[in-house]
2 protein chains.
Amino acid sequence: MTLSPNKFIGEYAYSIDAKSRVNIPARFRQALSVENEETFFTTRGFDACIYVIPAIVWQNMEMELSNLSSVSETNRSFIRNQTRHASPSTYDKQGRIKIPASLLEYAGIEKDVTIIGMINKIEIWNADRLAENDQNNLNLDSNSYDDLAGKIIL
Amino acid sequence: MTLSPNKFIGEYAYSIDAKSRVNIPARFRQALSVENEETFFTTRGFDACIYVIPAIVWQNMEMELSNLSSVSETNRSFIRNQTRHASPSTYDKQGRIKIPASLLEYAGIEKDVTIIGMINKIEIWNADRLAENDQNNLNLDSNSYDDLAGKIIL
DNA sequence: GAATGTTACCCACAATTACCCACTATCTTA
DNA sequence: TAAGATAGTGGGTAATTGTGGGTAACATTC
């Protein structure tokens, strides 16, 4: 998988308006416009947050899914789970995207959100819930990351 | 298999009217019109749902079926099951297709349906039955997807 | 041929969404 | 520091979407 310059990093505080729109940080938009891409896919995150995924990243996964045979029940179930909560959306002239109500509910978002750049995708959190999540992670054994040590060089 | 931009994703709630018509989500229609295609094939799904399959995908499957030797009884049975319940249909000006009564019965559909995009085809479920199916899948061994983990990067 | 039922096509309407414009605060640059 | 550009937020309007129903063409049955 060769991903171009979608490198999302950093943390930003925004709010969702009455029409379920959130701003995408200007820095992220610039990173995207490089490849003239204005379409995102929103879906459930593995944590209690919303994923916002650039089209090129999402389409790569779609391609992998489309190669799975539907004769297998496991495959069908997996595809269903991957696609059900996903939807495409483009941002408007002000750089906002509309978030489906079901995702807002899933992530417990009403107004204040924290947006986090996750390298090749974006996470949108309920600001309070993210703080709780941080708190829980403090309890992780300090060796939890050891397996990654071999993969991450820093 | 190289499939063009028929990428159906997401979950939608609709209802079937008195004339056995269901709406096809507007997003799906747009995906299809890219290749100027307005014909679907409806047939029984592997699960207790209805498949709505774009012509190009259907034709691809026909080709694969034609490569199965009829010497095998399993093959004969499989081919028979795939084709006998299938029929073509196009959508009307409002984007609805008519579902044959026999398929509605098979899927236990009376009114409320849930439509799920499955990348290259569409599933129509009795909304309640889908919920039951989800419940059953929770009982799947949590390692069921492990084989897929190596293929799907997200 | 009349009666019945089915199919395809058309119009209507409410609700939602997409698109556009406006305002303010912040950041840049000279 | 002044002035312009950019960023984030709010709201109005036109177009789209989902749904209901009417009607004419067609086939089927008695």
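What you see below is based on every heavy atom in this structure, not just the backbone, and it leaves out hydrogens, waters and symmetry mates. Keep in mind the model is a prediction, meaning the values are calculated, not measured. Here is the naming used below: chain letters follow the sequence lines, and residue numbers restart at 1 for every chain.
Using cut-offs of 30° and 60° on the angle between ring planes, the pair Phe46(B) and Phe78(B) is parallel.
Cation-pi geometry between Arg44(A) and Tyr106(A) is met: under 6.0 angstrom from the ring centre, within 45 degrees of the axis.
For DNA chain C, no neighbouring residue in residues 99-110 of chain B is found when judged by any heavy atom under 4.0 Å.
Listed by chain and residue number, Trp58(B) satisfy the ring-ring contact (aromatic ring centres under 6.0 Å, His included) test with Phe41(B) (two or more places apart in sequence, or in another chain). Under the rule for a side-chain hydrogen bond (donor to acceptor under 3.5 Å, both in side chains), the partners of Arg21(B) that lie at least two apart in sequence or sit in another chain are Asp17(B). Residues meeting the ring-ring contact (aromatic ring centres under 6.0 Å, His included) test with Tyr14(B), sequence neighbours left out: none.
Ser70(A) and Lys121(B) share a side-chain donor-acceptor pair at under 3.5 Å. For the 3.5 Å distance criterion, the side chains of Arg29(B) and Asn23(B) qualify, holding a donor opposite an acceptor.
Looking only at distances, no side-chain donor or acceptor of Asp47(A) sits under 3.5 Å from a matching main-chain atom of Cys49(A). A donor-acceptor pair under 3.5 Å is formed between the side chain of Thr83(A) and the backbone N or O of Gly117(B). When atom types are taken as modelled, the side chain of Asp112(A) and the backbone of Ser15(A) share no donor-acceptor pair closer than 3.5 angstrom.
In the helix from dG1(C)-dC30(D) to dA30(C)-dT1(D), the rotation axis of the first five pairs and that of the last five pairs differ in direction by 30°, rounded to 10 degrees.
A straight line from CZ of Phe28(A) to P of dA7(D) spans 14 Å, rounded to a whole angstrom.
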What string of B, S and - do you get for nucleotides 8-18 of chain D, 5' to 3', when a contact is any protein heavy atom under 4.0 Å? BBBBB----SB
